[in-house]
S.K.: 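Okay, handing you the structure first.
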Number of protein chains: 2
Amino acid sequence: MASTPPAAPSELQMIQRTHAVLELVAGRWSVDVVYLLAGGTRRYSEILYEVGEISKKTLTQTLRTLEAHGIVTRHAYPEVPVRVEYSLSPLGWSLTRLLMDIFEWSSELDQDRARARRPGLALAA
Amino acid sequence: MASTPPAAPSELQMIQRTHAVLELVAGRWSVDVVYLLAGGTRRYSEILYEVGEISKKTLTQTLRTLEAHGIVTRHAYPEVPVRVEYSLSPLGWSLTRLLMDIFEWSSELDQDRARARRPGLALAA
DNA sequence: CAGAATCCACGGCGATACTG
DNA sequence: CAGTATCGCCGTGGATTCTG
């Protein structure tokens, strides 16, 4: 029914959408936060501490970005000292799988690096 | 034979290596260059023109980084006006597949965005 | 406790001019 | 042609201070 078949996206599209994902994930701390939340729901202060070096400002901003893109879910409890919990959304979990792919590919990067260090073994029969 | 079994890499390792890949690819122009070279070998000036907005300085730097990591191969021909060609290495081609994975995942991101725009249809039976 | 607001340092990238 | 060198802008992120 539709006109143009979805086959073969233009390179421009691929570049743009690839960038969209990378920008989402390339923030210095996005990956750390997602991996941490993959271990379960955390409070703001817990993330702040467990991630390590991150500043409050950047953590807040990172969380807001991830939330805006539907990666994490924010839940605020109106208690006396406020409590805010963050957890991965379904989309966040699917992102987790992508991160695994990226992690797995890193081994190819390492292999290549190792190969580069001893040129003699490159084509060993 | 080896001592520690490779199972279950530490989260720290995963974060570090994931970052290593992302830093490689997160440069504003890395993806564009790799996608372009996936279309075949190009000369420096061709890349400069075809990629679009990039400056010479940044292009050179991007190419050097990719070359240093074994993603692209540089070949200089000592002719009168110098000619330098860049192409994807085997590792570069394997990176291409990873970029495809990322691109494909972007559709999930879009679906989620669409879902977010009309909350009513979320759980439609 | 969970931010928001402000100030500042740093690095990435573009623009331009110059060179082998 | 394929860079290098220099300058300057701008965005990202840290440190600190303040608040509901």
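Every heavy atom of this structure was used, including side-chain atoms; hydrogens, water molecules and symmetry mates were not. Every chain is numbered from 1, with letters handed out A, B, ... down the list of sequences.
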S.K.: Counting N and O atoms only, with roles assigned by atom type, does the side chain of B:Tyr44 sit under 3.5 Å from a partner on the main chain of B:Leu59, one being a donor and the other an acceptor?
M.R.: no
S.K.: Between A:Thr96 (side chain only) and A:Gly92 (backbone N and O only), is there a donor and an acceptor less than 3.5 Å apart?
M.R.: yes
S.K.: Sort by first number and list every stem of DNA chain C: at least 3 consecutive Watson-Crick or G-U wobble pairs, both distances under 3.5 Å.
M.R.: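 The stems are C:1-20 with D:1-20.
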S.K.: Is it the case that the side chain of B:Thr58 and the backbone of B:Ser55 share a donor-acceptor pair, with hydrogens and angles ignored and the cut-off at 3.5 Å?
M.R.: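 Here the side-chain-to-backbone pair does not exist.
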S.K.: Look up atom CZ in B:Arg42 and atom OH in B:Tyr49, then write down how far apart they are to the nearest 0.5 Å.
M.R.: 13.0 Å
S.K.: Heavy atoms only, 4.0 Å cut-off, all strands: where does A:Tyr86 land among base, sugar-phosphate and nothing?
M.R.: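 Contact class for A:Tyr86: sugar-phosphate only.
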S.K.: I'd like the 5' and 3' limits of the part of DNA chain C contacted by chain A, with heavy-atom contacts below 4.0 Å.
M.R.: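 Span of nucleotides near chain A: C:dC1 to C:dC7.
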S.K.: Write down the distance between CD1 (B:Ile47) and C1' (D:dC1), rounded to a whole number of angstrom.
M.R.: 13 Å
S.K.: If I take atom CD in residue B:Glu79 and atom P in nucleotide D:dC1, what distance separates them, rounded to the nearest angstrom?
M.R.: 12 Å
S.K.: Could you list by number each residue of residues 59-71 of chain A showing a heavy-atom separation from DNA chain C of less than 4.0 Å, or answer none if no residue does?
M.R.: A:Thr60, A:Arg64
S.K.: Looking at B:Ser89 and B:Thr73, what are the two nearest heavy atoms and their distance?
M.R.: CB-OG1, 3.7 Å
S.K.: Keeping the roles fixed (side chain from A:Thr18, backbone from A:Met14), state whether a donor-acceptor pair exists under 3.5 Å.
M.R.: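 Flag set: sc A:Thr18 to bb A:Met14 pair under 3.5 Å.
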S.K.: I'd like to know if the side chain of A:His19 and the backbone of B:Arg28 have a donor-acceptor N/O pair within less than 3.5 Å.
M.R.: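 Checking the backbone N and O of B:Arg28 against the side chain of A:His19, a donor-acceptor pair under 3.5 Å is found.
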S.K.: Classify every nucleotide of nucleotides 15-20 of chain D by which part a protein heavy atom approaches to under 4.0 Å, writing B for the base, S for the sugar-phosphate alone and - for neither, in 5'-to-3' order.
M.R.: B----B
S.K.: For a quick test of reading the model: is some side-chain N or O of B:Tyr44 closer than 4.0 Å to OP1 or OP2 of D:dT4?
M.R.: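 So the side chain of B:Tyr44 is outside the cut-off, no N or O lying under 4.0 Å from OP1 or OP2 of D:dT4.
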S.K.: Taking all non-hydrogen atoms of both residues into account, name the closest pair between B:Arg17 and A:Phe103 and its distance.
M.R.: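 Heavy-atom minimum between the residues: CD-CE1, 3.6 Å.
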S.K.: Pull out every residue in residues 27-37 of chain A that has a heavy atom closer than 4.0 Å to any atom of DNA chain D, ordered by number, or say none.
M.R.: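 Heavy-atom contacts with DNA chain D come from A:Arg28, A:Trp29.
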S.K.: Looking at A:Val31 and A:Leu99, what are the two nearest heavy atoms and their distance?
M.R.: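 Minimum heavy-atom separation between A:Val31 and A:Leu99: CG2-CD2, 4.3 Å.
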S.K.: How close do B:Trp105 and A:Ser94 get, heavy atom to heavy atom, and via which atoms?
M.R.: NE1-OG, 2.6 Å
S.K.: Please tell me if the side chains of A:Thr62 and A:Ser30 come closer than 4.5 Å, counting only heavy atoms from C-beta onward.
M.R.: yes
S.K.: Using the rule given for side-chain contact (heavy atoms from CB on, under 4.5 Å), can you reason through B:Leu24 versus B:Leu66, listing the C-alpha separation, both sets of side-chain angles and the distance that settles it, and then say yes or no?
M.R.: CA-CA 7 Å; B:Leu24 175 62; B:Leu66 292 175; 4.2 Å; yes
S.K.: Can you tell me how far apart CG (A:Asp101) and CG (B:Asp101) are? Round to the nearest 0.5 Å.
M.R.: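 Result: 5.0 Å between the selected atoms.
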S.K.: Can you name the residues that form a side-chain contact (heavy atoms from CB on, under 4.5 Å) with A:Arg64, not counting sequence neighbours?
M.R.: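 A:Arg64 satisfies side-chain contact (heavy atoms from CB on, under 4.5 Å) with A:Thr60, A:Glu67, A:Arg74, A:Tyr86 only.
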S.K.: Is A:Glu79 atom CD crowded by more than 12 heavy atoms from other residues, nucleotides or ligands, each under 6.0 Å away?
M.R.: yes
